[in-house]
There are 2 protein chains.
Amino acid sequence: MTTARRVTIHDVAFAAGVSVATVSKVVNGRYGVASSTTERVQGVIDDLGYESSLVARTLRARRTGVIGILVADFEPFSTELLKGAARAVRSSGYELVAYSAGGSGLEQPGWERRYLNRLSGTLIDGAVLVTPTVVDVGYSAPVVAVDPHTGHPDMPTVVSDNQDGALLATEHLISLGHRDIGFLAGRSDLESAQRREAGFRQAMSKAGLTVNEHWVQPGDYEAERADPAAHALLEGPTRPTAVFAANDLSAIQTITVARSLGLRVPLDLSVVGFDNIPESALCDPALTTIDQPIQEMGFQAVHMLLELIGGRALDATHLSLPTALVQRGSTAPPA
Amino acid sequence: MTTARRVTIHDVAFAAGVSVATVSKVVNGRYGVASSTTERVQGVIDDLGYESSLVARTLRARRTGVIGILVADFEPFSTELLKGAARAVRSSGYELVAYSAGGSGLEQPGWERRYLNRLSGTLIDGAVLVTPTVVDVGYSAPVVAVDPHTGHPDMPTVVSDNQDGALLATEHLISLGHRDIGFLAGRSDLESAQRREAGFRQAMSKAGLTVNEHWVQPGDYEAERADPAAHALLEGPTRPTAVFAANDLSAIQTITVARSLGLRVPLDLSVVGFDNIPESALCDPALTTIDQPIQEMGFQAVHMLLELIGGRALDATHLSLPTALVQRGSTAPPA
DNA sequence: ATGAAAGCGCTAACAA
DNA sequence: TTGTTAGCGCTTTCAT
């Protein structure tokens with residue numbers, strides 16, 4: 001490893017025999033530089049392979065031309081969102097920085113505020129916060145929150161229509177003829193989980209069905225937590241003929257548990273999930289689920305952010321994207 | 001939108017009635033500060049919600065504690081890689097910045113060098129370059145390239161075993177009884193495409209089979225370019241009973257073309273792909289493919305980078321990860 | 001134990 | 001047209 005120092009503006013200035021200011025002007029295409037000088041400086045820049053430091057430039061200039069996506073971790077949800085964000089930023093002239101503290105520091109709340117303080121004002125012109133727990137960031141940079149844990153009227157947000165999705169899921173089961181439907185809930189501290197439960201209950205009451213509270217179990221959006229819940233759901237004195245799980249992970253776990261109990265899916269038990277992650281299509285039987293348009297959420301969030309940065313007014317500060325039923329093999333009429 | 005200015009170290013110093021130097025010492029846990037002062041300053045920091053600017057800090061300090069993943073765009077490959085990278089960085093104390101120019105600037109080559117120059121030396125301590133076209137970056141910061149377009153002995157790289165994977169794919173077809181096997185090639189400027197073709201030829205000659213050069217068509221790793229190639233492969237005077245496509249996208253396109261020609265897959269034509277992207281499992285029939293461990297590549301790349309940054313020697317500068325056959329529905333013995 | 005001051009690489013007034 | 005100068009927010013000697 002040789003120790004080739006970074007090429008700075010000083011190196012270019014020295015080599016070209018001009019001042020750093022002149023180089024800066026050339027780099028930024030400012031007026032007031034003789035074309036012969038511009039040419040010479042540009043030649044040196046090319047020779048040396050100089051590129052201005054984002055960091056140094058950003059510290060001085062007000063606009064940085066970079067927008068940040070702040071995530072707690074790079075997992076399926078956030079990376080899916082990134083794809084949509086990338087599409088939105090394309091040909092906008094902006095660059096994208098996705099920032100993650102690598103899972104560390106997530107235990108203590110407020111990571112979103114810390115990230116924002118560390119990056120905003122410098123480096124980025126605005127940020128998309130992915131699933132922030134604290135939405136009151138007490139900071140005025142343009143910010144859009146995606147799938148926040150709890151609603152907040154003051155900050156622009158993008159969510160998917162969790163309640164309507166849950167309604168669709170439950171109505172699908174009801175239309176198949178199910179009456180005994182269980183619900184495997186999500187993380188109760190999350191807005192999305194509450195909406196999904198609300199949608200479930202709404203569909204049930206709309207159909208004149210009673211929710212059996214023994215068949216409502218906490219699943220936490222996780223496979224491990226969903227496991228005992230699924231057992232409770234399926235091993236009681238009576239069991240539902242169908243289960244709507246608040247997300248795909250717990251739905252898949254429900255299928256696993258059902259099979260281990262000798263139940264056939266979907267013959268003995270129908271299962272519906274929520275999110276439509278790739279794993280839903282791959283499990284056996286393939287999961288009937290509610291598609292949450294994650295990429296689209298990323299796209300819209302960046303779109304809103306760009307409007308805010310540009311000083312334009314938002315059409316809507318709270319965007320709720322439609323969900324849709326994706327019917328696969330895990331649901332059928334009750335036996 | 002209120003205009004709450006960012007809280008700087010000066011604000012803290014002023015509020016606490018000390019100098020910025022003292023605040024800096026407290027923030028960084030340096031010696032030489034009275035515990036009473038530390039306490040008072042810390043109180044103000046908490047009150048004001050101060051967090052030091054990554055940019056400013058990074059400009060001054062040699063180590064930044066951040067590593068960069070430089071990608072041309074956020075698409076399925078790079079985002080998958082990100083997940084593995086995130087796993088590797090966890091509990092390393094490092095943070096992760098994924099940087100993308102949003103697709104712009106990709107037309108002209110050398111984006112990797114420009115990105116590196118913009119970020120390195122400041123902001124990041126080292127970088128993972130994803131599918132760089134130019135591997136000679138003429139810069140000495142710790143860098144690891146993943147899936148580079150062309151091999152380079154001087155830079156640490158992580159690739160998957162493209163040749164062996166192609167060998168596996170072709171041998172799978174041969175073991176099913178196929179003798180007339182076509183090859184839909186990838187982007188010829190990419191190292192990976194060359195290795196895949198080499199693996200194909202190796203398997204053929206190993207089995208004593210001749211490669212029909214009419215059945216070797218350029219596919220470019222893209223659906224659009226694969227389309228005419230698949231037509232050429234399947235509409236000639238004679239046609240192969242099986243096709244190995246250099247990646248999944250072109251394999252899926254081959255299936256589409258075959259069906260449009262009235263061929264049944266896998267009864268009339270067997271197809272194997274390479275990469276194992278999610279779409280491979282979802283198409284009909286599900287694609288038999290070679291699994292490229294993308295997440296693992298990201299994990300290993302970051303692992304190597306952390307070793308380099310830590311000044312440790314690498315076990316191996318060129319890592320090649322094993323691939324494996326994933327048998328699904330698109331292959332069967334010839335009719 | 002504390003603070004003044006220099007400077008990281010760059011941009012932007014302002015002078016020359 | 002060009003160069004000088006003053007910072008951006010922070011860390012780090014080096015005085016005090």
Side-chain angles (χ1 to χ4, degrees), chain A residues 5-42 45 48-66 116-125 141, chain B residues 5-42 44-45 48-66 116-125 139 141:
Chain A
R5 209 174 47 76
R6 196 181 186 294
V7 178
T8 74
I9 197 171
H10 284 103
D11 302 324
V12 176
F14 179 81
V18 295
S19 73
V20 293
T22 303
V23 177
S24 176
K25 281 170 194 157
V26 171
V27 168
N28 296 291
R30 295 279 177 277
Y31 294 114
V33 182
S35 62
S36 65
T37 309
T38 302
E39 220 167 288
R40 184 156 40 91
V41 171
Q42 192 59 57
I45 287 176
L48 268 46
Y50 169 74
E51 192 81 23
S52 74
S53 158
L54 217 209
V55 166
R57 164 199 293 264
T58 225
L59 192 57
R60 202 69 183 75
R62 216 164 45 78
R63 205 194 91 116
T64 67
V66 178
L116 212 48
N117 264 319
R118 278 171 74 73
L119 300 186
S120 192
T122 49
L123 230 218
I124 59 175
D125 289 341
Chain B
R5 209 175 47 74
R6 197 182 185 294
V7 177
T8 74
I9 197 170
H10 285 103
D11 302 323
V12 176
F14 179 81
V18 294
S19 72
V20 293
T22 303
V23 176
S24 176
K25 282 170 194 156
V26 170
V27 168
N28 297 290
R30 296 277 177 279
Y31 294 113
V33 182
S35 61
S36 65
T37 308
T38 302
E39 220 166 287
R40 185 157 39 91
V41 170
Q42 192 59 56
V44 173
I45 287 175
L48 267 47
Y50 168 73
E51 193 82 23
S52 74
S53 157
L54 216 208
V55 166
R57 165 198 292 265
T58 226
L59 193 57
R60 203 68 181 76
R62 218 163 46 79
R63 206 195 89 115
T64 67
V66 178
L116 212 48
N117 264 320
R118 278 169 73 74
L119 301 186
S120 191
T122 49
L123 233 220
I124 59 175
D125 289 341
Y139 186 68

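Convention: sequence-line order gives letters A, B, ...; per-chain numbering from 1.
When all heavy atoms of A/A16 and A/V41 are compared, the pair lying nearest together is CB-CG2, 4.1 Å. Across every non-hydrogen atom of B/S19 and B/A13, the tightest pair is C-CB, 3.7 Å. Minimum interatomic distance between B/V55 and A/L59 (heavy atoms only, all atoms of both residues): CG1-CD1, 4.1 Å.
Phosphate proximity of D/dC8 to B/T8: absent, as no side-chain N or O sits under 4.0 Å from OP1 or OP2. OP1 or OP2 of D/dG9 has not a single side-chain nitrogen or oxygen of B/R57 nearer than 4.0 Å. Side-chain N/O atoms of A/T37 include one lying less than 4.0 angstrom from OP1 or OP2 on D/dT2. Remark: B/T22 is in phosphate contact with C/dG3, judged by side-chain N or O atoms under 4.0 Å from OP1 or OP2. Taking side-chain N and O atoms only, A/S53 has no distance below 4.0 Å to OP1 or OP2 of C/dC10. Within the structure, every side-chain polar atom (N or O) of A/R30 is placed at least 4.0 Å from both OP1 and OP2 of C/dT11.
Note: NE2 (B/H10) to C1' (D/dG7) measures 10 Å, nearest angstrom. Taking atom CG on B/L123 and atom P on C/dC8, their separation rounds to 18 Å, with Å as the unit. At whole-Å resolution of the value, CD1 in A/I9 and P in D/dT5 are 17 Å apart. The nearest whole Å value for the distance from the CZ atom in A/F14 to the C1' atom in D/dG3 is 17 Å. Distance A/R60 CZ to D/dC8 P: 7 Å, rounded to the nearest Å. When the C1' atom of D/dG9 is taken as reference, atom CG of B/L54 falls 12 Å away, rounded to whole Å. Regarding A/R40, its CZ atom lies at a distance of 11 Å from the C1' atom of D/dT2, rounded to whole Å. One interatomic measurement links the two molecules: CG of A/L59 to C1' of D/dA6, which rounds to 13 Å at whole-angstrom precision.
Put simply, the side chain of B/D125 never gets that close to the backbone of B/R63: no donor and acceptor are under 3.5 Å apart. A/T122 places no side-chain N or O within 3.5 Å of a backbone atom of A/T58 that could act as its donor or acceptor partner.
When distances run from any side-chain atom of A/S19 to the nucleotides D/dT2, D/dT11, D/dG3, the shortest one goes to D/dG3.
Among the heavy atoms of the strands lying under 4.0 Å from A/V18 are primed sugar atoms or P, OP1, OP2 only; no base atom is included.
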Kindly give the atom pairs (protein nitrogen or oxygen, nucleotide nitrogen or oxygen) under 3.5 Å for nucleotides 13-16 of chain C.
none

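Residue B/T8 holds its OG1 atom at 6.0 Å from NE2 of B/H10, rounded to the nearest 0.5 Å.
Neither side chain, B/T38 nor B/S35, offers a donor N or O lying under 3.5 Å from an acceptor on the other.
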* What do the steps show when you test B/R118 against A/S53 for side-chain contact (heavy atoms from CB on, under 4.5 Å), and what is the final call? -> CA-CA 4 Å; B/R118 278 169 73 74; A/S53 158; over 6 Å; no
* Determine, step by step, whether A/L54 and A/L123 satisfy the side-chain contact (heavy atoms from CB on, under 4.5 Å) criterion, reporting the C-alpha distance in whole Å, the side-chain angles of both residues, the deciding distance to 0.1 Å, and the verdict. => CA-CA 8 Å; A/L54 217 209; A/L123 230 218; 3.8 Å; yes
* To do: With side-chain contact (heavy atoms from CB on, under 4.5 Å) as the test, would you mind laying out the steps for B/V18 and B/K25 before giving the verdict?
  => CA-CA 11 Å; B/V18 294; B/K25 282 170 194 156; over 6 Å; no
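Within the helix from C/dA1-D/dT16 to C/dA16-D/dT1, the inter-axis angle between the opening and closing five-pair segments is 50°, rounded to 10°.
Each of A/S52 and B/S35 has a nearest nucleotide on DNA chain C; the 5'-most of these lies closest to B/S35. Comparing A/V20 and A/Y31 along DNA chain D, the residue whose closest nucleotide (by nearest heavy atom) sits nearer the 5' end is A/Y31.
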